[in-house]
Engineer: 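To start, I am sharing the structure in question, which I have written as C-alpha cells.
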Amino acid sequence: ALQLDTYNRLGHAYQALGHEEHHLRSAEATYNASLRMDTEQPDILFQLARVLVRLERRDEALPLYRRALQLSPQDSGIRVELAATYTQAGRPEAAEALLREGLELTPDPQGQAQMHYELGRLAFADGRRSGALTAFQAAYGLDSTLSVAIRFGARVLADLGQTDEALVLYTRLQDRHPDDATHRVGAGIVLSGIGRLDEAEAAFLAAQLQLFGWN
C-alpha cells in the first residue's frame, strides 16, 4: 500500500509539472506502474486519461475514462471530462447522452449543476438557444456561484431578445465580480443593441477604466 501511494503521489507531482512534455511522460509511466499493482483505481485511471489527453492521445484516454466512470459512476468530474473528450472527438451525441445519464445518477447538486452547464454548452454550439437557456438556468439554479453559467445564460437571453432578463444577470455578475470588466462589456452590448446608448457608453467607459485605468 505504501509503494502504491508513493507511485500515485509521484504521478500527481509529475502531472502538476506538465507544462513540459517529459514530465507528462513521467506521469504516464508512474500511473501505469501504480495500475499494474491495482487496476481498480478510478482516480488513477482518470488521472492517466487526463495525461494522455494532454499528450494528444485521446483515443487511448477514452477507454480509461470509461473504465474510471464504470468504477465510480457518481463521480461528476470524471463524467464531465469524458463528455468533453467525446465532444473534442466529434461525438457530441455521446457526450450529451453521458451527461443526461449522469443527472439521473449524481445526487450532488454542484455536480448536477456542472452537467447542466455542459449540456447548455452543447446545445449552444448546436444552435439550440432555448435548450441552452433551460440548461444554463438549471445550472445556476442549483449552484448560484457558477458564474460561467450565469454569463452564458445572459448571452442567450440577449440572443433571444429577452434583454431585461439578460441585464438582470449581468448586474448580478457585476455585483459578484466587481473587478471583472467583461460583465460591464456584456451589459454594454445589450444596452447598445436596444438603443439605450447613454447607458451603453457609461458601461463601456466603466469597463475601459477598469481595464486600463484611464478614460
Side-chain angles (χ1 to χ4, degrees), residues 1-125 135-136 138-140 142-149 151-152:
L2 180 60
Q3 187 178 10
L4 191 69
D5 184 62
T6 300
Y7 276 131
N8 292 344
R9 289 176 182 272
L10 189 58
H12 298 338
Y14 279 129
Q15 187 180 177
L17 297 170
H19 55 283
E20 295 185 15
E21 184 175 318
H22 70 275
H23 289 309
L24 289 175
R25 296 194 181 280
S26 295
E28 178 190 1
T30 307
Y31 287 140
N32 274 322
S34 174
L35 289 167
R36 280 194 292 272
M37 298 178 67
D38 179 1
T39 60
E40 306 291 278
Q41 298 181 78
D43 183 58
I44 301 307
L45 289 162
F46 174 47
Q47 297 302 331
L48 177 55
R50 300 178 90 185
V51 167
L52 292 175
V53 166
R54 293 176 71 182
L55 287 169
E56 299 184 359
R57 291 157 57 189
R58 189 182 300 119
D59 289 345
E60 295 174 63
L62 279 168
L64 296 173
Y65 275 127
R66 287 194 288 261
R67 180 56 181 157
L69 189 61
Q70 185 180 21
L71 291 169
S72 188
Q74 292 187 343
D75 190 315
S76 57
I78 297 173
R79 189 174 294 273
V80 165
E81 287 205 21
L82 174 54
T85 307
Y86 276 139
T87 301
Q88 292 160 9
R91 299 174 60 187
E93 298 86 358
E96 183 164 347
L98 190 73
L99 292 166
R100 293 199 182 281
E101 177 189 60
L103 291 175
E104 301 296 325
L105 296 175
T106 305
D108 172 39
Q110 288 187 320
Q112 288 192 351
Q114 189 64 43
M115 285 184 280
H116 277 298
Y117 167 67
E118 295 297 337
L119 284 167
R121 293 212 313 164
L122 286 169
F124 185 85
F136 292 137
Y140 60 75
L142 285 164
D143 182 0
S144 63
T145 68
L146 194 57
S147 295
V148 66
R151 185 171 71 246
F152 264 98

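Computed from a predicted model, the values in this text were never measured in an experiment.
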Engineer: Would you please test Leu24 and Tyr14 for side chain to side chain contact (heavy atoms under 4.5 Å, CB included) and show each step?
Structural biologist: CA-CA 6 Å; Leu24 289 175; Tyr14 279 129; over 6 Å; no
Engineer: Distance from Ile44 atom CD1 to Leu4 atom CG, nearest 0.5 Å?
Structural biologist: 7.5 Å
Engineer: Going by atom types only, do Tyr7 and His12 share a side-chain donor-acceptor pair under 3.5 Å?
Structural biologist: no
Engineer: Roughly how far, to the nearest 0.5 Å, is CG of Leu119 from CD of Gln112?
Structural biologist: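 Between atom CD of Gln112 and atom CG of Leu119 there are 11.0 Å.
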Engineer: Show, in sequence, the C-alpha distance, side-chain angles and deciding distance for Phe136 and Arg151, and conclude whether the side chain to side chain contact (heavy atoms under 4.5 Å, CB included) test is met.
Structural biologist: CA-CA 9 Å; Phe136 292 137; Arg151 185 171 71 246; over 6 Å; no
Engineer: May I ask you to decide whether Asp75 forms a salt bridge with Arg79, counting only side-chain N to carboxylate O separations under 4.0 Å?
Structural biologist: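 No, Asp75 and Arg79 are not salt-bridged.
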Engineer: Starting at CD of Glu21, measure out to CD of Glu56 and round the result to the nearest 0.5 Å.
Structural biologist: 8.5 Å
Engineer: Please indicate whether Arg57 has more than 12 foreign heavy atoms, meaning atoms of other residues, nucleotides or ligands, lying under 6.0 Å from its CZ.
Structural biologist: yes
Engineer: Take Glu40 and Leu71 through the side chain to side chain contact (heavy atoms under 4.5 Å, CB included) test and state the conclusion after the steps.
Structural biologist: CA-CA 7 Å; Glu40 306 291 278; Leu71 291 169; 3.4 Å; yes
Engineer: Go through the steps to decide whether Leu45 and Leu69 satisfy the test side chain to side chain contact (heavy atoms under 4.5 Å, CB included), and finish with yes or no.
Structural biologist: CA-CA 9 Å; Leu45 289 162; Leu69 189 61; over 6 Å; no
Engineer: Can you tell me how far apart CG (Asn32) and CE (Met37) are? Round to the nearest 0.5 Å.
Structural biologist: 13.5 Å
Engineer: Give, for atom CG of Leu64 and atom CD of Gln47, the distance between the pair rounded to the nearest 0.5 Å.
Structural biologist: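 Separation between the atoms: 11.5 Å.
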Engineer: If we ignore angles and hydrogens, is there a donor and acceptor under 3.5 Å between the side chains of Glu118 and Gln114?
Structural biologist: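 Result is yes, a qualifying pair exists.
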Engineer: Closest heavy-atom contact between Leu146 and Tyr140?
Structural biologist: O-CB, 4.4 Å
Engineer: Charged N to carboxylate O below 4.0 Å: is that the case for Arg25 and Glu20?
Structural biologist: no
Engineer: Which heavy atom of Ala139 sits nearest to which heavy atom of Ala149, and what is that distance?
Structural biologist: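 Answer, listing the atom of Ala139 first, then Ala149: CB-CB, 3.9 Å.
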Engineer: List the atom of Ser76, the atom of Thr106, and the distance in Å for their closest heavy-atom pair.
Structural biologist: CB-CG2, 4.2 Å
Engineer: Does the plane of the ring in Phe124 sit parallel, tilted or perpendicular to the ring in Phe152? Use 30° and 60° as the thresholds.
Structural biologist: perpendicular
Engineer: Roughly how far apart are Leu122 CG and Leu99 CG, rounded to 0.5 Å?
Structural biologist: 6.5 Å
Engineer: Using only atom types and a distance under 3.5 Å, with no angle test, would you say the side chain of Tyr65 pairs donor to acceptor with the backbone of Leu82?
Structural biologist: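 Here the side-chain-to-backbone pair does not exist.
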Engineer: Taking Gln15 as the fixed residue, which of Val51, Leu10, Leu48 is the one that meets the side chain to side chain contact (heavy atoms under 4.5 Å, CB included) rule?
Structural biologist: Val51
Engineer: How far apart are the closest heavy atoms of Ala135 and His116, and which atoms are they?
Structural biologist: CB-O, 3.3 Å
Engineer: Out of Arg67, Glu81, Gln41, which one pairs with Phe46 under the side chain to side chain contact (heavy atoms under 4.5 Å, CB included) rule?
Structural biologist: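 Result: among Arg67, Glu81, Gln41, Glu81 is the only option passing the side chain to side chain contact (heavy atoms under 4.5 Å, CB included) with Phe46.
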Engineer: For residues Ser72 and Ile78, report the shortest heavy-atom separation together with the two atoms involved.
Structural biologist: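 Looks like CB-CD1, 4.4 Å.
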Engineer: Would you check if the side chain of Thr30 reaches a backbone N or O of Ser26 as a donor-acceptor pair within less than 3.5 Å?
Structural biologist: yes
Engineer: Check the pair Arg100, Glu104 against salt bridge (charged side-chain N to carboxylate O under 4.0 Å, His left out), reporting the backbone distance first and the verdict last.
Structural biologist: CA-CA 7 Å; Arg100 293 199 182 281; Glu104 301 296 325; over 6 Å; no
Engineer: Are side-chain N/O atoms of Asp143 and Thr145 paired as donor and acceptor at under 3.5 Å?
Structural biologist: yes
Engineer: Please give me the minimum heavy-atom distance between Ala83 and Ala95, naming the atom from each residue.
Structural biologist: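 In this case the closest contact between Ala83 and Ala95 is O-CB, 3.3 Å.
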